[in-house]
Amino acid sequence: MALHPEIARIVASLPSPPPGPIDPAVLRADEESHVAAPADRLPLHAVDDAVAATPSGDVPVRIYTPTEADAHGVIVYFHGGAFFLGSLDTHDHVARALATETGLKVISVGYRRAPEAAFPAGLTDCYGVVRWAAEHGELLTWDGTTLAVAGDSSGGTFAAAVAAMAHDDGFDRITHQILYYPSLDLDFDEARYASLWENAVGYGLETAGLKPFNAFYLDSGADPADPLVSPIKREDLTGLPAALILTAEFDPLRDEGELYGRRLAEAGVDATVTRYAGANHGFVANFGWIPEYAAAFAQTRDFLAGVLASKAGGR
């Protein structure tokens with residue numbers, strides 16, 4: 001299948017990156033300039049900004065309550081952005097869609113970003129918020145059942161790493177991990193995965209941009225050989241939470257996500273892997289308004305409800 005025509009139209013209209021070094025401030029300002037006005041956002045029962053007190057410090061969070069109810073299951077969501085972009089506002093629409101479709105309360109995490117915060121600051125913020133959510137279930141009206149971690153792109157890296165950290169700490173409250181087109185191997189050796197050269201150019205995220213965009217994180221002390229940086233390098237995957245991994249047909253990162261799913265399944269983890277045909281990297285955040293890709297939220301709902309059987313393949 002070819003790239004979805006609507007995605008192809010938008011990708012073709014993207015300007016060439018400016019010459020010279022990447023300036024985080026410029027890219028962040030551009031992202032924020034495209035955030036929808038509050039009146040144009042998907043309405044929910046309640047959206048509240050709060051602060052989670054964690055061992056690494058106070059972490060800003062935004063809590064999305066989809067409906068009026070005595071209690072909800074919880075998803076803790078980590079936004080993407082190559083560890084230096086993204087914010088509570090730029091991914092507000094993803095969190096709203098997750099809450100609306102799943103019926104669960106979503107806690108979006110405003111973790112510290114590179115290059116201002118060195119590794120593992122952002123990761124410890126994410127893990128700290130998950131522990132905070134479990135410890136403050138009464139405050140959050142958590143029903144004590146579902147406690148999922150979810151993330152897109154680099155947020156998927158954090159979700160996978162947080163699931164592993166919790167397992168190693170003996171913290172067994174995380175029930176699910178949801179990884180949207182995750183970055184799981186920050187080695188970026190093009191010979192490792194066919195998708196790195198098959199989808200190298202022309203689909204939005206390009207292979208040549210992976211190293212410079214992730215350099216802020218790696219240069220802050222994140223070692224690609226560390227399984228908390230590259231979760232696919234973890235040797236023992238047994239005992240991790242059930243996983244939903246959604247990949248994009250035209251994504252350089254496609255194959256590492258699918259390999260991780262296979263390795264989880266081989267380790268006895270309930271792993272569902274779906275490749276979305278015609279999609280590129282970022283389709284959940286950028287093209288969730290297209291019906292074929294809005295289906296990712298419905299699939300997430302079914303996964304959390306225990307409807308899906310383990311599988312691999314295309315959609």
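We use all heavy atoms of the structure for the numbers below, so side chains are in, but hydrogens, waters and symmetry mates are not.
Under the 4.0 Å criterion applied to side-chain N and carboxylate O atoms, R9 and E6 are assigned as salt-bridge partners. Salt-bridge formation is not detected for the pair E31/R113: no Lys NZ or Arg NE/NH1/NH2 atom is positioned less than 4.0 Å from an Asp or Glu carboxylate oxygen. With salt bridges taken as basic N to acidic carboxylate O contacts below 4.0 Å, one links D89 and R62. Residues D185 and K233 are paired through a salt bridge, judged by an N-O separation under 4.0 Å between the basic side chain and the carboxylate.
Closest of all the heavy-atom pairs between L123 and A161 is CD1-CB, 3.7 Å. H281 and D251 make their closest contact through ND1-OD2, 2.8 Å (heavy atoms, listed as atom of the first residue, atom of the second, distance). Nearest approach of L147 to A134, heavy atoms of both residues: CD2-CB, 4.1 Å.
Residues passing the side chain to side chain contact (heavy atoms under 4.5 Å, CB included) test with P227, sequence neighbours excluded: R234.
Checked by atom type, the side-chain pair S56/Y127 shows no donor-acceptor distance below 3.5 Å. At a cut-off of 3.5 Å, with distance as the only test, no side-chain donor of T300 or E101 sits close to an acceptor on the other residue.
Cluster annotation: L88 and V74 are assigned to distinct hydrophobic clusters (Ile/Leu/Val/Met/Phe/Trp/Tyr, side-chain heavy-atom contacts under 4.5 Å, transitive).
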Please test F84 against L27 for side chain to side chain contact (heavy atoms under 4.5 Å, CB included), starting from the C-alpha separation and ending with a verdict.
CA-CA 10 Å; F84 78 99; L27 293 185; 4.0 Å; yes
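Of the residues R96, H72, H45, the one that meets the side chain to side chain contact (heavy atoms under 4.5 Å, CB included) test with Y64 is R96. Evaluated for a ring pair (Phe, Tyr, Trp, His ring centres under 6.0 Å) with H4, the options Y203, F287, Y293 yield exactly one hit, Y293.
When ring centroids are compared, F83 and F216 stay outside the 6.0 Å threshold.
Counting only residues at least two apart or in different chains, salt bridge (Lys or Arg N to Asp or Glu O under 4.0 Å) contacts with residues 198-213 comprise E198-R254.
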